[in-house]
Amino acid sequence: MEAAQAQWVKIHPLIVRITHWINAFGILIMVASGWRIYNASPLFPFRIPNELTLGGWLAGALQWHFAAMWLLVINGIVYVTYGVVSGHFRRKLLPITPRAVFHDVQEALRGRLAHEDLSVYNAAQRAAYLAIIVCAVVLVFSGLAIWKPVQLQEITAIFGGYESARVVHFLTMALLVLIVVVHVVMVILVPRTFPTMITGRARRAS
Amino acid sequence: MKKRTMETSLAGHSPKLIRSIERRLFLKQGLSLGALALLAGCDLTDDESVQKLLTGMSRWNDGAQAWLFNPNKLAPEFPESAITKPFPFNAFYSVDEVTLVDGKDYKLELEGLIRDKKPWTLPELYALPQTSQITRHICVEGWSAIGKWSGVRFSDFLARVGADTSAKYIGFKCADDYYTSIDMATALHPQTLLTFRFADQILPPKYGFPMKLRIPTKLGFKNPKHIMSMFVTNEYPGGYWEDQGYNWFSGS
């Protein structure tokens with residue numbers, strides 16, 4: 001028995017796996033519908049191709065956006081509460097130093113990033129996952145600032161008013177999408193990390 | 001003991017097997033993500049059960065926004081220097097198709113749960129105490145513009161005509177066949193104005209002559225122009241855009 005158990009390590013708790021996939025689904029809906037909303041009145045001199053968007057037209061996109069919003073908020077509360085209370089954030093995402101992040105990003109770019117033990121995140125991963133959490137928080141608050149610039153005008157004021165909150169909301173989305181793209185590319189490059197987010201386990205490399 | 005050896009030997013054989021399972025899983029999941037992306041591209045919104053869910057969520061959001069609505073919270077006001085010039089025209093038709101209402105014959109009709117249904121002429125309306133506001137108009141499309149509107153406080157007007165303010169809705173019918181409706185709490189908000197002037201001038205046709213209900217706590221499409229009649233009711237009246245899928249409450 002011990003020999004068999006020693007081959008497997010538990011990497012992702014069930015709550016993290018469930019919230020991860022709900023989050024992936026919710027963010028896909030938010031981004032795709034958000035792009036359609038953006039197209040109704042583009043902030044920048046470009047449009048998102050309609051084929052990449054969700055909702056069919058502005059009203060449909062808004063319905064998707066303000067429905068998925070609740071899914072993500074509830075999911076986010078569960079994830080963050082679990083992460084803080086269980087010590088998951090502290091154990092997995094900390095400590096993190098700029099020097100370690102710089103070092104691991106360089107290693108990653110050279111294709112030499114150590115990935116033997118999947119239960120420990122390297123500094124580049126820690127930075128990316130923390131950045132996703134920070135992006136999500138900024139997206140929620142800049143989103144509230146745009147949605148409720150009268151009722152929640154104190155939040156809108158933090159972003160410098162309605163128009164700049166729109167810009168913050170868009171740019172934070174762009175940053176989040178960039179991080180997610182890098183994240184997906186990394187999973188493709190190290191495919192054995194993928195099933196661990198479903199089964200929660202990985203074989204220990206000895 | 002025997003069991004243990006079997007498992008050990010299984011474990012010894014497994015790396016290849018595990019790699020192939022990993023690959024299969026990866027492909028499978030990759031495909032379903034791709035399928036999801038495809039669904040996003042096509043019109044998933046047309047599916048009846050999906051549309052039912054989305055409409056239900058929109059009704060839920062009406063409730064959430066009504067709950068969040070604070071009748072004493074004022075929309076930010078701006079200095080004259082912040083006014084957007086030129087102020088954008090926006091409607092479901094182009095600016096050269098704007099409805100022209102004859103002010104001389106005009107009478108505002110009152111219907112529904114209102115005590116005094118006597119129609120109002122423009123000179124009578126202009127004679128009521130007037131107030132001004134410089135607020136941000138926010139369009140459902142995302143853009144915004146700051147303008148100055150002047151008119152009578154809507155809650156004063158409703159009190160004057162004896163509207164039943166315990167009713168749920170006020171509906172509006174407009175000269176351009178537009179129609180919309182709002183909740184009573186918003187109708188009674190101190191910044192909700194029945195306006196006759198834009199930038200200190202009588203409303204030009206493109207901004208809604210003879211009157212526009214200015215509601216700085218709601219999105220632009222909830223601010224009806226060219227109002228011909230209004231009615232107080234407990235039956236949900238809907239609206240031109242609302243009936244096509246825009247959120248009814250649409251509060252700011």
Side-chain angles (χ1 to χ4, degrees), chain A residues 1-8 21 24-25 28-29 31-33 37-43 49-64 66-70 146-153 156-157 161-163 166 184 187-188 191-192 194-199 203, chain B residues 3-5 7-8 10-11 14-15 18-19 21-26 29-30 33 36-37 39-46 50-51 53-58 60-61 64-65 68-70 73-76 135-136 138-144 191 216-218 241-242 244-247 251-252:
Chain A
M1 279 303 270
E2 292 90 55
Q5 270 180 348
Q7 297 293 325
W8 292 96
W21 289 113
F25 175 71
L28 188 71
I29 289 179
V31 169
S33 60
I37 297 167
Y38 168 91
N39 279 351
S41 178
L43 276 169
N50 280 342
E51 298 73 45
L52 298 178
T53 68
L54 177 64
W57 70 307
L58 176 60
L62 286 165
Q63 287 186 345
W64 277 104
F66 289 104
M69 165 182 94
W70 293 103
I146 303 171
W147 187 40
K148 291 282 162 256
V150 175
Q151 298 305 327
L152 303 178
Q153 56 189 271
T156 314
Y162 173 80
E163 287 293 342
R166 283 181 79 199
V184 172
V187 173
I188 290 168
R192 67 200 163 82
F194 188 81
T196 65
M197 195 40 96
I198 296 162
T199 64
R203 211 174 132 268
Chain B
K3 197 169 174 245
R4 186 183 211 170
T5 23
E7 277 179 357
T8 318
L10 242 182
S14 53
I18 288 168
R19 260 198 300 273
I21 290 173
E22 281 181 359
R23 241 194 316 268
R24 249 179 288 156
L25 260 174
F26 186 63
Q29 293 300 324
L33 271 180
L36 198 62
L39 280 175
C42 80
D43 219 343
L44 188 56
T45 319
D46 284 348
V50 171
Q51 190 49 61
L53 177 74
L54 291 175
T55 306
M57 283 308 294
S58 192
W60 159 267
N61 281 327
Q65 293 175 92
L68 193 64
F69 180 79
N70 176 350
K73 191 100 179 183
L74 298 182
T135 49
R136 185 185 295 278
I138 297 173
C139 181
V140 67
E141 293 170 340
W143 57 266
S144 77
Q191 285 173 312
T217 58
K218 283 201 189 291
W241 289 116
E242 294 87 333
Q244 297 179 59
Y246 283 96
N247 174 261
S252 294

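This structure is a prediction, so every number in the text was calculated from the model and none was measured. The sequence lines fix the lettering, A, B, ..., with proteins before strands; numbering per chain opens at 1.
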Report task. Indicate whether any N or O donor in one side chain lies under 3.5 Å from an N or O acceptor in the other, for A:Q63 and B:Q51. Result -> yes
Report summary line: Under 4.5 Å to a heavy atom of chain A? For B:L53 that would be neither
Query raised in the report: Going by the angle between their ring planes, with limits at 30° and 60°, are B:W241 and B:Y246 parallel, tilted or perpendicular?
Result: perpendicular
Query raised in the report: For chain B, which of A:L43, A:V150, A:I37 has the most heavy-atom pairs under 4.5 Å?
Result: A:V150
Query - Test side chain to side chain donor-acceptor pair (under 3.5 Å) applied to B:T217 and B:Q191, step by step - result: CA-CA 8 Å; B:T217 58; B:Q191 285 173 312; over 6 Å; no
Query raised in the report: Given the options B:P216, B:S144, B:A75, which has more heavy-atom pairs under 4.5 Å with chain A than any of the others?
Result: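 The residue among B:P216, B:S144, B:A75 with the greatest pair count is B:S144.
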**Report entry** Expected output: side-chain B:N61 to main-chain A:F66 donor-acceptor under 3.5 Å
**Finding:**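 Present.
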